Each structure stands twice: as structure tokens, then as C-alpha cells.
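Given the structure is predicted, the values throughout are model-derived calculations rather than measurements. Just so we're on the same page: letters track the sequence lines, and every chain starts at 1.
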Amino acid sequence: MKKLPNNIPTKDELQKMFRMMVTIRETENTLLASNKAGNTPGQVHLSNGQEAICVGISSHLTDEDQITSNHRGHGHFLAKGGNLKAMFSEIYGMADGVCGGMGGSMHVADLSKGIVGANGIVGGGISIATGVAFAKKLDGSNHIVVTYFGDGASNQGVLMECLNITALWKLPLLFVCENNGYSEFSPTKTVTKGDISMRAKPFGIPIWQINGNEIIEVWQTGQEAIEHIRSGGGPAFIEAKTWRQSGHFSRENLVLQKPYRTEEEEKEGLADDPIIHLTPKIDGAELIMKEVKDEVERASKAALMGTPPASNAAKKLMFSDTYKGYY
Amino acid sequence: MKKLPNNIPTKDELQKMFRMMVTIRETENTLLASNKAGNTPGQVHLSNGQEAICVGISSHLTDEDQITSNHRGHGHFLAKGGNLKAMFSEIYGMADGVCGGMGGSMHVADLSKGIVGANGIVGGGISIATGVAFAKKLDGSNHIVVTYFGDGASNQGVLMECLNITALWKLPLLFVCENNGYSEFSPTKTVTKGDISMRAKPFGIPIWQINGNEIIEVWQTGQEAIEHIRSGGGPAFIEAKTWRQSGHFSRENLVLQKPYRTEEEEKEGLADDPIIHLTPKIDGAELIMKEVKDEVERASKAALMGTPPASNAAKKLMFSDTYKGYY
Amino acid sequence: MVQMRFIQAINKALFEEMARDDKVILIGEDVEASIFGDTRGLIERFGPNRVRNTPISEATLTGMTVGAAASGYRIVLHMMFSNFIYTGFDAIANQMAKLPLMTGGQISLPITVIASYGGGRSTAAQHSDTPYPVLMNLGGLNIAVPSTPADACGLLKSAIRSNDPTFFLEPGGRGGEMGEVPDEDITVPFGVASLPIKGKDVTLVTMGSCTKIVLETAQQLISKDVNPEVIDLRTLVPLDKKTILSSVKKTGKIVIIDEARDTCSAASHISAIVVDEGFQYLKAPIRRVTVPDTPMPYAPNSEKYLIPSVERIYKAVMTLNKSY
Amino acid sequence: MVQMRFIQAINKALFEEMARDDKVILIGEDVEASIFGDTRGLIERFGPNRVRNTPISEATLTGMTVGAAASGYRIVLHMMFSNFIYTGFDAIANQMAKLPLMTGGQISLPITVIASYGGGRSTAAQHSDTPYPVLMNLGGLNIAVPSTPADACGLLKSAIRSNDPTFFLEPGGRGGEMGEVPDEDITVPFGVASLPIKGKDVTLVTMGSCTKIVLETAQQLISKDVNPEVIDLRTLVPLDKKTILSSVKKTGKIVIIDEARDTCSAASHISAIVVDEGFQYLKAPIRRVTVPDTPMPYAPNSEKYLIPSVERIYKAVMTLNKSY
Ligand SMILES: Cc1ncc(C[n+]2csc(CCOP(=O)(O)OP(=O)(O)O)c2C)c(N)n1
Ligand SMILES: Cc1ncc(C[n+]2csc(CCOP(=O)(O)OP(=O)(O)O)c2C)c(N)n1
Ligand SMILES: [Mg+2]
Ligand SMILES: [Mg+2]
């Protein structure tokens with residue numbers, strides 16, 4: 001386990017990150033309300049409480065760097081520069097959604113921003129990211145790739161396969177495991193043996209195990225890990241501990257027979273909030289929060305005014321031009 | 001890495017193991033000749049040079065213990081008590097083969113001897129073995145399961161998945177990685193990062209890394225690892241270094257453009273032979289070798305006299321009784 | 001008889017089979033909490049040895065199931081959404097479907113894989129596949145696709161008691177639909193279709209998720225004096241081709257409704273059987289009402305457009321009303 | 001024109017496409033040593049950045065291919081035997097076939113997956129599957145099944161130049177068969193069948209590994225004064241149904257020969273299309289000559305019995321010679 005560097009983000013950077021964290025939180029809350037109001041055709045998996053991780057990592061990334069993400073991907077998308085309104089539109093199933101309404105909440109992607117996409121298959125993004133990192137390496141660029149996945153996804157064998165290949169070929173991939181203590185409704189330790197980050201060790205990959213609710217710690221670690229990767233050192237692995245404030249998916253209480261977390265855990269979990277932790281360090285936090293609230297509300301409202309895609313949209317996209325393939 | 005115990009096998013045990021190692025060697029050589037003579041309908045993957053591993057491990061197993069194996073499975077089969085002639089018959093495609101001629105070289109299985117089967121899918125046996133071990137645990141027995149797989153198979157993600165599950169549930173499974181330095185024609189280090197056995201470490205599984213060409217070392221390690229498992233300690237992992245004397249498959253030189261091993265490596269590899277190492281310790285080694293030679297020759301000849309299965313054998317087996325399922 | 005929801009009927013079958021035979025074991029991701037409700041309460045009744053949450057490791061789950069089934073247990077593996085079958089596909093296609101033959105019959109595999117399938121709820125392409133064509137082609141796997149609570153209960157019992165691997169596919173999102181389920185321990189045999197509506201003008205073949213709209217269409221047709229015969233297949237492997245062929249003998253016309261993508265669908269295969277073995281009965285083309293060869297889109301209207309509907313079925317039947 | 005072996009034709013296409021476009025990258029297990037010989041020599045010519053041996057990690061290989069293709073490379077992934085496609089099936093079914101739609105068309109995936117398929121050489125059940133029906137049903141994947149060296153070369157070129165994921169499936173063990181291949185850079189378009197024999201009495205539809213025996217059967221039929229028209233599909237997705245239907249219009253009779261297991265085979269789907277869109281032309285049942293729904297046995301005679309043969313095709317054609 002590497003020890004942390006002493007760099008700290010500037011005041012400006014901190015403020016930018018705060019704004020983004022609040023944006024994500026506000027967006028998730030708005031989505032939950034929209035879901036309850038019947039405005040999201042599918043379910044949503046919210047990332048409340050986990051905002052510091054993607055925000056801290058993304059501050060070191062450019063549009064040329066890429067990410068892949070998982071079913072809990074709204075924060076990853078926004079932190080990487082994805083458009084707020086285009087994401088709302090997507091999740092509301094509208095034609096001007098970032099994926100034309102074809103993908104939905106679990107699949108938000110914007111290639112122009114380096115967001116190769118959220119993914120509904122647990123673990124699905126890891127091998128795709130490995131392929132993107134292979135491409136980066138072939139390009140000879142020093143751009144990097146980040147793959148976000150959960151503690152639950154760490155039990156998919158593709159993780160080990162990709163640790164091996166990226167280490168072997170020194171691919172520029174940052175593995176970020178968001179360990180939020182649960183895999184659906186199973187507490188991590190009931191399905192996951194040992195320390196997840198240690199799984200990268202046999203491959204000689206540098207590892208950091210951090211508190212994912214402390215943005216400065218994430219930012220520092222991200223900087224060091226990414227520097228390692230950009231300088232040609234091959235993959236790196238960060239396991240960030242966090243807590244899933246809003247449970248597994250939007251309306252889980254409707255399908256669950258009984259609670260799976262104690263009241264005490266809920267109380268502690270909600271208190272250990274990355275935004276609460278950061279707020280005292282931010283000048284004008286309240287104003288920022290208010291601005292963000294307005295911005296998010298506007299984006300959501302505008303998205304709801306959209307029109308759904310044509311009924312035959314999928315058919316058109318898949319078949320419009322059978323020979324579109326040739327160049 | 002655990003250190004080795006001081007137990008050593010008795011003279012009798014050593015002799016028995018020697019006989020089995022020679023039986024396997026003689027069988028593989030006979031199969032190669034049969035393959036060249038056109039008597040094996042498919043190709044064969046020979047285990048020459050690797051005999052000490054399965055023989056040393058199997059001396060600690062009973063018929064109630066089970067194994068799964070891989071494409072290089074003749075030795076595993078014989079060492080576990082599989083019938084020699086029935087195996088020849090299978091590989092010659094005969095009706096009285098151990099699988100009725102339906103499976104062939106890569107699929108020899110004899111459930112009555114605890115041989116759940118060789119497997120043509122690299123890594124395929126590992127998860128099956130995990131399921132068998134789950135069954136053993138449910139049975140409440142202290143029988144164990146051994147899964148043999150190669151260094152190449154260690155790159156299949158199922159390995160990590162099964163390390164996690166067996167450790168989590170304390171299943172009685174012994175992982176035996178036969179590291180023979182090659183995955184087909186790729187040297188291990190070109191496709192496999194780090195020490196394979198270390199991949200078990202994050203799961204808290206005890207590990208031994210041994211010289212697989214020294215039967216006494218294998219026997220000792222096997223004893224200790226199996227004792228650990230039988231006493232309820234959960235899975236264990238042995239990585240046994242060895243060398244694949246006869247290459248990847250029977251007639252590879254016909255398809256390869258150029259050699260992939262140096263003459264020097266070949267020479268050293270052939271000299272580091274588990275049977276050569278053991279012979280000086282065995283009284284009457286020559287006689288045993290002669291006896292085995294005769295026995296193997298007889299078995300092969302008898303097998304060749306067999307008759308092939310009925311043409312419609314597969315259809316009959318699969319469809320004879322659509323409702324065979326109900327009980 | 002008692003009215004119960006689809007999901008309750010499945011739950012009833014699981015309870016009864018696990019009580020009946022202590023070799024029946026249930027594993028899967030979160031089978032304790034039970035998102036769909038079908039495995040609810042089993043952990044409290046049967047304990048952690050027989051009901052076990054697993055890690056997210058589908059490739060291993062299917063392989064483990066093979067190993068445990070070959071060792072004397074009747075394994076029920078809950079795979080949640082059908083798309084995750086693909087994640088565990090290696091052991092399904094290369095081991096589960098093949099080992100009984102490859103071992104020369106030494107191994108039988110009493111496995112039941114449960115998964116929910118189909119679209120209609122904006123779960124998008126990775127949670128809405130209809131996977132049975134892929135499974136049907138593998139050979140060696142039975143496939144049950146119930147459309148009523150009673151069939152769900154009876155088919156699941158048969159699946160669990162069968163010594164062959166069986167996929168039991170629940171129409172997604174239909175857990176709440178009510179139906180009568182016998183109190184007694186009644187199994188529904190494999191390979192025997194049901195005939196919810198008898199008629200003489202046209203044969204409508206349906207399965208699983210499509211049955212509801214086929215029955216609705218049938219009512220519309222009846223109101224126009226067209227009398228369809230509706231065949232609900234219940235299992236796709238084995239397939240009750242006798243019932244299909246004798247219906248076509250009577251009607252001379254057949255439309256097959258299937259939520260799978262069109263190419264190599266169950267509908268395609270049933271068409272092929274009828275034009276091979278029932279050609280002399282045919283008075284009109286065989287129509288398929290299926291899903292175009294595209295992934296499921298998320299937006300509700302785009303999704304709905306692709307899934308068989310009353311309108312599409314009705315229209316397909318009407319195209320047969322001229323002479324050929 | 002020059003005579004070359006099937007495997008050389010594939011090799012030629014790879015050489016030429018890699019020379020033509022340096023975005024073409026080849027990966028796979030032992031593509032350097034090249035067991036089949038199809039990728040031989042490429043490493044020496046193009047070096048390790050463009051020709052790369054991989055670990056045995058099929059689940060990742062298919063996923064990586066998606067990522068690399070989405071990042072501007074044309075990836076050729078060699079999967080060796082078709083059965084290993086199942087090992088990498090998750091990313092094929094859930095990502096490769098679906099991401100172009102799910103991203104709203106942001107991603108196109110210029111991927112070519114090469115694998116050898118089919119039985120006949122006692123490789124047993126885990127090395128002899130014919131996987132195209134499973135792939136055809138996924139939607140979004142093109143599938144090429146060449147039967148001659150010229151088609152192998154031309155189809156592979158098209159596959160590599162296509163922006164859609166394509167499976168290029170070589171008939172197993174046929175690498176040594178000779179045929180003429182044009183010297184020039186000629187692509188064979190997708191969705192256009194070839195007509196190696198024109199006739200008027202019966203349509204024989206074939207693909208990939210079956211073409212050789214279909215042509216042999218055709219000669220026998222001709223010698224008995226039955227003139228078959230042979231259609232070699234070349235690609236299964238897209239499918240040249242126009243050519244099939246216009247042949248059936250002429251002949252009124254069709255037999256489809258396919259090495260896949262029967263249920264939900266390519267043959268089933270082609271049958272279904274013909275009885276739907278070409279019913280009025282049909283004078284007889286549509287026969288399928290396929291493999292029964294069982295894994296491939298190892299013993300040569302048992303294996304041979306299951307695979308379409310001249311005798312079975314001939315017999316199937318002859319059953320159509322009465323009036324219906
Ligand atoms: C292949 C696959 N298996 C199962 C699921 C169902 N599923 C969705 S999320 C989830 C838990 C994921 O846990 P984790 O990776 O820790 O992410 P978290 O939800 O905690 O953010 C599961 C099992 C899935 N989507 N894909
Ligand atoms: C899933 C799968 N992928 C690829 C292959 C082809 N293959 C057969 S053996 C082999 C190499 C296996 O290497 P290792 O596990 O080290 O075993 P060894 O042959 O050295 O005994 C490969 C790639 C296969 N049979 N199955
Ligand atoms: Mg989690
Ligand atoms: Mg090896």
C-alpha cells in the first residue's frame with residue numbers, strides 16, 4: 001500500500017469539486033423524485049454518498065481520457081463532463097437524450113467526453129476499459145482510462161483477467177473499486193473474501209485503499225495513481241471505501257420484505273457524508289448549493305419537455321443502412 | 001508459503017507410486033504411437049514429465065474423494081484409479097470405453113472412481129470442482145475434491161471466482177496448478193503475470209509452491225494440504241512446477257512452422273524427469289518397468305480389439321427416454 | 001383451487017419441492033432478499049445450507065451447479081435476469097448441455113435454472129432479452145415458459161423433479177398476475193401444450209410472455225366471427241409438435257407469436273416443423289409475430305413498438321384471409 | 001487467379017487488410033504460432049503491436065475487443081474453436097451486439113471474430129459446435145460462413161472493412177482444400193449468395209461446411225436427371241432471401257442443409273421465411289438436413305451419423321418427388 005502524497009488541491013479546485021459533488025447529489029435526488037412521480041420509465045440506481053470518488057478522480061482527467069462505469073453511473077458521467085440535461089433526457093426516455101433514449105439510466109454514455117458508458121452488466125465495463133486502454137497504448141498517447149466498479153463486481157472473474165492483461169501489457173488503466181459495503185442486499189463480507197484491493201497485488205499492480213468519503217484523500221491518491229499510469233508504469237488500483245446512502249435502487253423498499261441495514265448503520269452512514277465533510281472548507285457553500293439546485297431543476301424540467309424517440313427508432317438505427325459498414 | 005513437513009512415504013508407497021508413474025508414462029507413449037498409427041480418432045495431449053504431481057496427490061485420496069481435470073488428463077485419470085483398458089478403449093473410440101466412446105481423450109471420466117472428468121474447456125473443471133466441493137460440504141462428509149489445471153488456465157477468471165467462493169464457504173477443494181511453463185505455444189511468462197500461486201493469497205488460502213518433478217515433495221505437500229482441507233480448514237492451493245516433455249499435443253510438429261523451445265531447454269527439460277529422479281530409490285525398478293510395459297501393451301491391444309459404439313449411440317443416449325427425468 | 005399471484009405460485013412450488021426432497025438446494029445472487037419475491041421466505045424455512053446467497057460470479061455459478069448436480073443434489077440456480085445467462089454461458093453450453101453425453105451417460109444433471117425474461121418495462125437491452133432460442137439450439141436442455149400461475153407452479157415442480165437440466169423462464173414483470181392454482185401437489189408434464197381456446201379457423205401458437213395478448217387477440221377475433229385455436233406451448237423443449245400439427249390439420253392456418261428476436265426464433269423453428277411435417281394441411285403462409293433483430297431500446301414507445309402486440313397479431317391473422 | 005488452400009486464402013486476406021490499414025489489429029491465443037495456419041507469418045510482418053498473443057481469458061478478449069473497436073481500431077479476434085465463443089459470450093451478447101444501439105449510435109464496432117466450427121474430426125463435443133444459430137438470434141452481428149477459398153478471402157476482407165461486428169466462421173479441418181483465388185483485391189459483399197449450380201427441379205440451400213457435400217449430391221441428382229439449383233449463402237446475417245425466394249419460385253421445392261443442431265437452426269429460419277414469403281411457390285414440404293439436438297460424440301462413426309451426408313441429402317430430395 002502506497003503512502004499518500006502531500007499535495008493538496010487549490011481552493012479553486014476544491015470549490016469546483018464541491019460544486020460537482022453537489023450537482024451529482026442534487027441530480028440523484030431529483031431523479032428519485034422523478035422516479036416516484038413516474039417520470040423515469042425504468043428504475044434508477046443512485047450514487048448518493050459516493051460523489052467524492054468520481055469527482056476526485058475526474059479532476060485529473062481530460063476529455064481524451066476515457067472512463068467506463070457501471071449501473072450506478074450518473075455521478076461518473078457528470079464528473080467526467082457529461083451534459084446534465086442530456087443525461088436527464090436520456091433517463092426520461094427522450095429523443096434528445098445523450099443516447100437518443102435508447103440506453104437509459106444504466107447506459108449513459110458520451111464518447112465525445114470520453115465516457116464510454118455505464119453498463120447494466122456487473123463487471124461489464126472492466127474488460128471494455130481494458131480494450132480502450134489497449135487502444136490508448138497502441139495510439140502511443142499518454143491518455144489513460146478509468147474503470148469504476150463496485151465491491152460486488154470484484155467477484156466477477158473478468159477482474160482477475162483484466163488485472164493480468166493490463167499488468168502484462170502495461171496498459172494505462174486505473175481500476176477504481178467503489179466499495180460501498182453492499183452487493184445488492186448482501187453485505188460485502190458475506191460474498192467477498194479478503195481485501196478487494198489485495199487482489200491486484202499478485203500482478204504487481206500498485207494499490208491504494210482509501211476513504212472514499214474524503215475528497216482530498218481521493219484527489220491526492222488519484223493524482224499519484226494517474227501520474228504512475230501516465231508515466232508508463234502500467235495499471236493502478238484504488239479501493240475507495242464508501243457507503244450507499246440511498247440503497248441499491250430507487251424503490252427497493254417496495255420489493256423488500258424487511259430492512260437489510262440497521263437503523264444505527266443508516267444513521268452513521270448518512271452522517272459520514274462526503275459533502276458534509278467538505279462543506280466547512282468551502283467559502284460560499286450555501287450559495288453554490290442554491291445555484292446548483294436551480295440549475296439541476298432547470299435541466300430536469302427542460303428534459304421533461306422533450307419528445308420521445310420515434311417508435312421505430314431502434315429498427316432505424318440498426319437497419320437503416322445494411323451496408324453502412326463499408327469504407 | 002508453508003514449509004514442508006518431514007513425513008516421508010514408506011518404501012511400499014514409493015514403489016506403488018513409481019509403478020503408477022511408469023504406467024502413465026508407458027500409456028502416454030503408447031497413445032502417441034497409436035496416434036501416429038492412426039488409431040486415435042482425435043488428437044491426444046500427453047502428460048509425459050508431469051506424472052509425479054497427480055500420483056503424489058492421489059496417494060492421499062480415496063474413491064470417495066473426487067477430481068476434475070483438464071485436456072491433459074490421462075495421468076489424472078489413471079492415478080485416481082481409473083481403469084487402464086477402459087481409458088484406452090475410450091481414446092480409441094470404442095463402445096466399451098469408459099464413456100462409451102462419446103467423450104474421447106479430453107473427456108475421460110469415471111464417476112465410480114471419483115473422476116468427474118477431464119475437460120476440453122480450459123478452466124472448465126475448476127467451477128465444476130467447486131460445485132462438487134459444495135456438495136461434499138453439504139453432505140457433511142470429510143471427503144475432498146482436487147482440481148487439476150494448467151498455468152494457462154490460471155488466466156481464466158473462473159479461477160478467481162472459485163478462490164473466492166471456496167474460501168468464503170470453506171469448501172474442501174484442493175487447487176493444483178500444474179505449471180509446465182507453457183500455455184499451448186506461449187511461454188507462461190508471456191501471458192501470465194506474477195506468481196500464479198500468489199493469486200490465492202488475497203483470499204486467505206494456504207499456498208505451496210513446489211517442484212512437481214520430485215514425487216516426495218509432492219507427496220509431502222499433498223499430505224499437508226489435504227489434512228488442512230479434511231480438518232475443515234477450507235481450500236488449499238498447490239502450484240507445482242514441471243515441464244511438458246511431449247509438447248502441447250500429439251502431432252504439433254506437423255502444424256507448427258518452427259520450434260518454440262530451444263534445444264537446450266529440451267535437453268534440460270527431458271533430464272529433469274520425475275521418473276529418472278525416483279528410479280534410484282526403487283528396488284527392482286527395471287522389473288516394474290517391464291511388467292508395466294507388458295500390462296500397458298496388453299491393455300492397448302485389447303482395447304483396439306473393441307467395437308465402435310452404434311452409429312446412433314448419441315441420439316439414443318439423449319432421446320431414448322424423454323421422460324427419464326421424473327422420479 | 002386458490003387464487004394466487006404468479007410469483008406466489010413459483011414460491012409455492014419451491015417451498016413444496018424443498019420440503020419434499022432435502023436434496024433440493026437453491027443458490028443465486030440475493031435469493032434471500034429475493035428481488036422478484038419468488039424465493040422469499042425460503043431462507044427462514046430451510047436455512048443457509050439449502051438457500052444460499054452467492055457472490056456475483058455467474059461463470060462459476062453455472063459450473064458449480066453442474067458439479068453439485070453431478071454429486072447428487074437437485075440444484076435450483078436463480079439467475080435473476082435472463083441476460084445474465086450469457087455471463088454464465090460457458091458452463092451452460094459447454095458443460096451442462098454436453099456432459100451427460102460426453103460421460104457416456106454416467107452423469108445426469110438435475111438442474112433448474114430460473115430467470116426472468118422479456119421486455120416491456122424499460123429495463124433496456126441488458127435486462128430484457130428473451131433467451132430461449134439460444135438455449136433451444138444447444139441441445140440437451142429442457143425449457144419451460146409458463147404463462148399462468150398454475151403452469152408456473154406445475155412446470156417448476158416438474159423441472160425440479162427432472163433429472164435433466166431445465167431452464168424455467170418467467171415472463172418479466174408479470175409476478176403480480178393472478179390465477180387459480182390447485183392446492184394439491186400437481187405437476188405439469190413437459191412436452192404437453194395447453195389449449196386455452198379451441199377453434200377451427202386459425203391456429204395461434206403462443207408461449208410464456210405472449211399468451212396474455214394472444215388470448216386478448218383471440219377475443220377480438222371471435223367477436224369478428226373468426227374462431228382461433230390457441231395453443232400455449234408451456235415447454236419449448238420438449239416441444240408438443242403433435243398438438244400443433246393436429247390443430248393445423250383442422251385449421252390449415254397458423255400464426256406463431258414469440259417475444260424472441262425473429263432470426264432463429266422459436267417461431268421460426270415451429271414454422272419449419274409445420275411446413276415440413278404438416279405441409280399438406282397448409283392453406284396459407286405461416287406468419288410469425290416476433291421482435292425485429294435489434295436490442296431492446298429503453299424509451300417506452302420504442303420498446304413497445306418492437307414487442308408483439310394485439311394489433312400486430314390481429315393484422316397477421318387477417319393477412320391469411322385471402323386464398324393462396 | 002491462383003490456386004491456393006482455404007487457409008492460405010484467409011491468410012492472404014489478413015495480410016492484405018493489415019497492410020492496407022494500420023488500424024487493423026489481430027489478437028488471440030497463440031495467433032503467433034497459429035495452430036490452424038491462418039494467422040501464420042503476420043507477427044513477423046506486422047510486429048507485436050499489431051499481432052498479439054493473449055492469455056487464455058476469453059471473457060475479457062471479447063470485452064476488450066469491444067473497447068478497442070470503440071476506440072478507433074479494427075480488431076480481428078481469433079477465438080480458435082467455436083466452442084470458446086461461449087466462454088466469451090457475455091461481452092458478445094450483452095455488449096458487442098447491443099452497444100451500438102444502446103449508445104444511440106455513438107459507437108460502431110469494426111470487429112471480426114474468427115473461429116473454426118463444425119464436426120467430423122473426432123474433436124468431441126467441446127470442440128465441434130456449429131454456433132451460428134446462437135449468434136444469428138442475438139441481433140446486431142453479421143455472420144459469414146465461406147465454403148471456398150475465394151469466398152473466404154473476399155468475405156474476410158469485407159468483414160474487416162465493415163463497421164459492424166462480424167463473425168467469420170471457418171469450416172473446421174478444411175484448411176487444406178484448394179480453390180482459385182483472384183490475385184486482385186476483391187471483396188465478396190455481404191448478403192449476396194452464390195449459385196454454384198443452376199437448375200429448375202429443386203432448390204438446395206447450403207452454407208459453409210455443408211457446401212462440399214451438397215455439390216456432391218447435386219452431381220448424383222443430375223446423373224438421375226434431377227436438376228437442382230444450389231444456393232451457397234456465404235453470409236447468414238445479412239441473409240440473401242431474395243435469391244432463395246426467386247429460386248423457389250422456379251423450382252417449387254427446397255431442401256436446406258445446415259450443420260447446426262436442428263432446433264432453431266439457420267435451416268429452420270430459412271424454412272420459416274420461405275413458408276411465409278414464398279408460400280404460393282411451394283409444391284412440397286420444406287426439408288431440413290441438419291444435426292439432431294445432441295452434443296457431438298467422439299467415436300467417428302457415431303459422429304458421422306449425425307452430420308449431414310450425401311445420402312441424407314439425396315434421400316431428403318427424393319421424398320419431395322411425390323405430389324402434395
Ligand atoms: C452480470 C450481472 N449479474 C447480476 C446483476 C444484478 N445486479 C445489479 S447491481 C448488483 C450488485 C452490484 O454490486 P456492486 O458491484 O457492489 O455495485 P453497487 O450496486 O454496490 O454500486 C447486481 C448483483 C447484473 N446487473 N449483472
Ligand atoms: C476455453 C478454452 N480456450 C482455449 C482452449 C485451447 N487450448 C487448449 S489447451 C490450451 C493451453 C492450456 O495451457 P495450460 O492450462 O497451461 O495447460 P497445459 O496444456 O500446459 O497442460 C489452450 C489455449 C481451450 N481448450 N479452451
Ligand atoms: Mg457495492
Ligand atoms: Mg501449461
* Asked: Can you say whether D/Leu239 sits under 4.5 Å from chain C via the side chain, the backbone, both, or neither, judging by heavy atoms?
  -> neither
* Structure fact -> Checked C/Pro292, C/Pro295, C/Gly139 vs chain D; the most non-hydrogen pairs under 4.5 Å come from C/Pro295
* **Top contributor to chain D interface from C/Ser271, C/Pro133, C/Ala267, C/Ala59 [non-hydrogen pairs under 4.5 Å]** => C/Pro133
* What part of D/Ala124 is in contact with chain C, defined as an atom under 4.5 angstrom from a non-hydrogen atom: side chain, backbone, both or neither? -> neither
* Asked: Looking at NZ of D/Lys98 and OG of C/Ser128, how far apart are the two atoms once the value is rounded to the nearest 0.5 Å?
  -> 7.5 Å
* To do: Please step through side chain to side chain contact (heavy atoms under 4.5 Å, CB included) for the pair C/Asp276 and D/Ile286, ending with a clear verdict.
  => CA-CA 5 Å; C/Asp276 180 10; D/Ile286 301 180; 5.7 Å; no
* Asked: Atom SG of D/Cys264 and atom CE of C/Met136: how far apart are they, to the nearest 0.5 Å?
  -> 4.0 Å
* **Interface moiety of D/Leu101 toward chain C, non-hydrogen atoms closer than 4.5 Å** => side chain
* salt bridge (Lys or Arg N to Asp or Glu O under 4.0 Å) against D/Asp262, all qualifying residues, sequence neighbours excluded -> D/Arg288
* To do: Heavy-atom distances under 4.5 Å only: say whether D/Ile92 touches chain C with side chain, backbone, both or neither.
  => neither
* Structure fact -> Counting heavy-atom pairs under 4.5 angstrom with chain D, the leader among C/Thr263, C/Thr87, C/Asp293, C/Val291 is C/Thr263
* Report the relative orientation of the aromatic rings in C/Phe89 and D/Phe89; use parallel for angles under 30°, tilted for 30 to 60°, perpendicular for over 60°. => parallel
* Got a sec: does the NZ of C/Lys250 have more than 12 other heavy atoms crowding it under 6.0 Å? -> yes
* Nearest 0.5 Å please: distance from the CZ atom of C/Phe279 over to the CZ atom of D/Phe279. => 6.0 Å
* Under 3.5 Å donor-acceptor, D/Asn94 side chain and C/Asn83 backbone -> yes
* What part of D/Met102 is in contact with chain C, defined as an atom under 4.5 angstrom from a non-hydrogen atom: side chain, backbone, both or neither? -> side chain
* **C/Gln95 side, atom CD; D/Gln126 side, atom CD - distance, nearest 0.5 Å** => 4.5 Å
* Any idea which of C/Ile85, C/Ile270, C/Leu282, C/Leu138 has the most non-hydrogen atom pairs under 4.5 angstrom with chain D? -> C/Leu138
* Side chain, backbone, both or neither of C/Ile256 within contact of chain D (heavy atoms, under 4.5 Å) -> neither
